[in-house]
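Inspection log for the structure reproduced underneath, given as structure tokens.
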Amino acid sequence: MSVELLAMVAVLPILVALILMVGMRWPATKAMPLAWLVCAVSGILVWGLSPGYVAALTLQGIVTAIGVLIIVFGAILILFTLEKSGGMETIQYGMQNISRDKRVQAIIIGYMFAAFIEGAAGFGTPAALAAPLLLALGFPAMAAAIICLVFNSFPVSFGAVGTPIVMGLSPLKPILDAGVADGGMTYAAFCKIVGEYCTMMHIPMAFILPVFMLGFMTRFYGPNRTWSEGFSAWKYCIFAGVCFSVPYFIVAWTLGPELPSLIGGLIGLGILIYGTKRGFCVPETTWDFGPHEKWDASWTGSIAASGKTEFHPHMTQFRAWLPYAIIGLILVLTRIPELGLKAWLASFKLSFVDILGYQGVSASIDYLFLPGTIPFTLVAILTIGLHSMKANDVKDAWTTTFAKMKAPTIALFAAVALVSIFRGSGVNDAGMDSMPLALAKTLAALTGEAWPALASYVGGLGAFITGSNTVSDLLFSQFQWDMATQLKLSKEIIVAAQAVGGGMGNMGAMMKQAQKMQVELARAQEEIKDMTFEASAGGGMVKAVAQGDNSLVSLTIDPEAVDPEDVEMLQDMITAAVNEALRGVADLGAQRINAATGGMSIPGLM
């Protein structure tokens, strides 16, 4: 069979996933298993793979997927632990009190805070946390969603402690390991170089996007509909870009691909807030979206910007941020080889050698070195004491995390098993090229030297289909390697373009999540209107009931509380009961909003 025909068959699983998930809007839990089935059948019928070998490759992929899922589990667990402890709401409270200028808020929260959350947790969490916060600050729903989704592009390659690179490029590990004996570079060294090139490709957008997006925001969501009001904050955007990019770049070139977004976001956020409070590069005028009644209906759909949904502190900012500080410290200490902790943690492996008796079909899980275990799960446990959590809150955090893992587990098992068959298809009796190599040869002949300009779009396509930069890299990294080999191009640069392109596609996939979030928010706000909260004062002598629309439903006064000689005390009790009822119903509303948005789903995998 010609290589062109092999390429046409090899692309079938990808087309199936694309048609089902994008065209027919199937969830990944249904689409990816079917795509895996198409890949498995193709391997058996066209490449002549034995069913036993396909089963072994499938199990190899599942083991690899378990490693990714451990990271996902830890990232979600620390997030829900902080939500249940009140730490996350305390952090959000701190974010909302820095500036009244919506342009400044968009940069601090949508750009910098979201970049930090992407580096620490990834997998859809930045939009799930930042968008509701912007909504609570008075942003139109569509503006909040678009800002968060577009900004969540350049941090993605290093999201979830570098998972898209460290785990996403794992199909290349056997190739690189085989060449080490002949003086080739190690897998870790290759990932570090890819990360360095990624920063060089991403950094221009770290400066361009903030300026453009502020102009876009004021042009399409401002009362004056002008680009200039957003562009006038260019100095503040450059300041933010420097705050993020300098540590982002330094960390990638010194420590590797795991920490650039996390450290860049964390350090950048601290410097940016410090400078903002002192007026450094802050626009001289304060910009706002204008009166709500003048907003275009398309800005919000059925979701009104919340004037009553506020965040409240449950502890000091230091205690709230402490778990993330500990995560950053542990990651630094365990990723510097000279300290010895990296090698020690990496020595703990759960290995599966020659699965089902097929030589070379092996996989392993570095269960302690994976960041999902140390530091994420470890710090989640430590946070129980640090934040003095109640047993029920701890239980809720863990049960919610396990519940959230069901759908991504099904989708990721199928997706990574597909990848394993995809690249393992080269071991066949007929001597046929593997699926990625057949694709690479065919496309290399078609595109020639133009491929460097096109490589990133493959990464974008993969992330758009699956909703995950990591899965896109798992699927196409060997294909990109083969393309570079065929065209005699730099493998590091082409693979880096794949990883960077995944950031664009991930943003597109998250747009689908924005539509779902808008529906959930609309439903939540309808429910909030019917919520009530009862509060009392004076030992129950005065009772007030407030409704979700901030109206007072009833006020009950015990006759014994009516003392003509002490009217002032009665007034104080009424005021206290009413205020407490209004605060209580506002808190209920905030919890419902968080349930609709903060209870995030993982893009493409849920």
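- Thr218 and Trp227 form no side-chain donor-acceptor contact under 3.5 Å, judged by distance and modelled atom types alone.
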Mind running side-chain contact (heavy atoms from CB on, under 4.5 Å) on Phe151 and Ile107 for me, showing each step along the way?
-> CA-CA 9 Å; Phe151 279 151; Ile107 296 298; 4.1 Å; yes
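- For OH of Tyr274, the number of neighbouring non-hydrogen atoms (other residues, nucleotides, ligands) closer than 6.0 Å is 12 at most.
- Proximity of a side-chain donor or acceptor of Thr447 to a complementary backbone N or O of Ala450 within less than 3.5 Å is not detected.
- Thr373 contributes a side-chain N or O that, together with a main-chain N or O of Tyr367, makes up a donor-acceptor pair within less than 3.5 Å.
- Ring geometry for Phe154 versus Tyr111: interplanar angle of 30 to 60°, hence tilted.
- Cation-pi geometry between Arg219 and Tyr221 is not met: the NZ or CZ atom fails to fall both under 6.0 Å from the ring centre and inside 45° of the normal.
- A salt bridge (Lys or Arg N to Asp or Glu O under 4.0 Å) with Asp366 is found for one member of Lys342, Lys349, Lys173 and no other, namely Lys349.
- The two residues Val242 and Pro247 make their nearest non-hydrogen contact at O-CD, 4.1 Å.
- A donor-acceptor pair under 3.5 Å is absent between the side-chain atoms of Ser261 and the main chain of Glu118, judged by distance alone.
- When every heavy atom of Ala7 is checked against every heavy atom of Thr442, the shortest pair comes out as CB-OG1, 3.2 Å.
- Judged by distance alone, the side chains of Tyr236 and Thr276 do bring a donor and an acceptor atom under 3.5 Å apart.
- Between Phe376 and Ile76, every side-chain heavy-atom pair lies at or beyond the 4.5 Å cut-off.
- With contacts defined as side-chain heavy-atom distances shorter than 4.5 Å, the pair Val500/Ser456 does not qualify.
- Cys237 and Leu214 get closest at one heavy-atom pair: SG-CD1, 3.4 Å.
- Residue Pro257 forms a side chain to side chain contact (heavy atoms under 4.5 Å, CB included) with just one option from Ile165, Thr163, Leu169, Val194, and that option is Ile165.
- Residue Leu339 comes nearest to Leu333 through the heavy atom pair CD1-O, 3.5 Å, listed as atom of the first residue, atom of the second, then distance.
- When all heavy atoms are compared, the tightest approach of Asp473 to Ala499 is OD1-CA, 3.7 Å.
- Using a 4.5 Å cut-off on side-chain heavy atoms (C-beta onward), Phe158 and Tyr248 make contact.
- Under the 3.5 Å distance criterion, the side-chain polar atoms of Ser434 are left unmatched by any main-chain donor or acceptor of Ser425.
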Evaluation steps, side-chain hydrogen bond (donor to acceptor under 3.5 Å, both in side chains), between Ser420 and Gln60 = CA-CA 7 Å; Ser420 188; Gln60 181 190 51; 2.6 Å; yes
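- With a 4.5 Å cut-off on side-chain heavy atoms, Val161 and Glu258 count as touching.
- Between the side chains of Gln480 and Trp451, a donor-acceptor pair is found at a separation under 3.5 Å.
- Side chains of Arg103 and Ser232: a donor-acceptor N/O pair is present below 3.5 angstrom, by distance only.
- Within the 4.5 Å cutoff, the side chain of Phe139 has heavy atoms near those of the Gln105 side chain.
- The neighbour count for Met200 CE, taken as heavy atoms of other residues, nucleotides or ligands under 6.0 Å away, does not exceed 12.
- Counting heavy atoms from C-beta on, the side chains of Cys39 and Met435 come closer than 4.5 Å.
- Remark: Arg335 is positioned above the aromatic ring of Phe369, its terminal NZ or CZ atom under 6.0 angstrom from the ring centre and at most 45 degrees off the axis.
- Leu475 and Val419 get closest at one heavy-atom pair: CA-CG2, 3.6 Å.
- Using a 30° and 60° split on the angle between ring planes, Trp321 and Phe113 fall in the perpendicular class, above 60°.
- Taking 4.5 Å as the limit, every side-chain heavy atom of Phe231 sits out of range of all side-chain heavy atoms of Thr226.
- Using a 4.5 Å cut-off on side-chain heavy atoms (C-beta onward), Ile493 and Met201 make contact.
- Panel note: side chain Ser245, backbone Gly241; a donor-acceptor pair is recorded below 3.5 Å.
- Under a cut-off of 6.0 angstrom, the local environment of OH in Tyr197 is sparse, with at most 12 non-hydrogen atoms contributed by other residues, nucleotides or ligands.
- In this structure, Lys491 satisfies the cation-pi test against Trp481, with its NZ or CZ atom closer than 6.0 Å to the six-membered ring centre and inside 45 degrees of the ring normal.
- The aromatic rings of Phe479 and Phe476 lie perpendicular to each other, with more than 60° between the two planes, well past the 30° mark.
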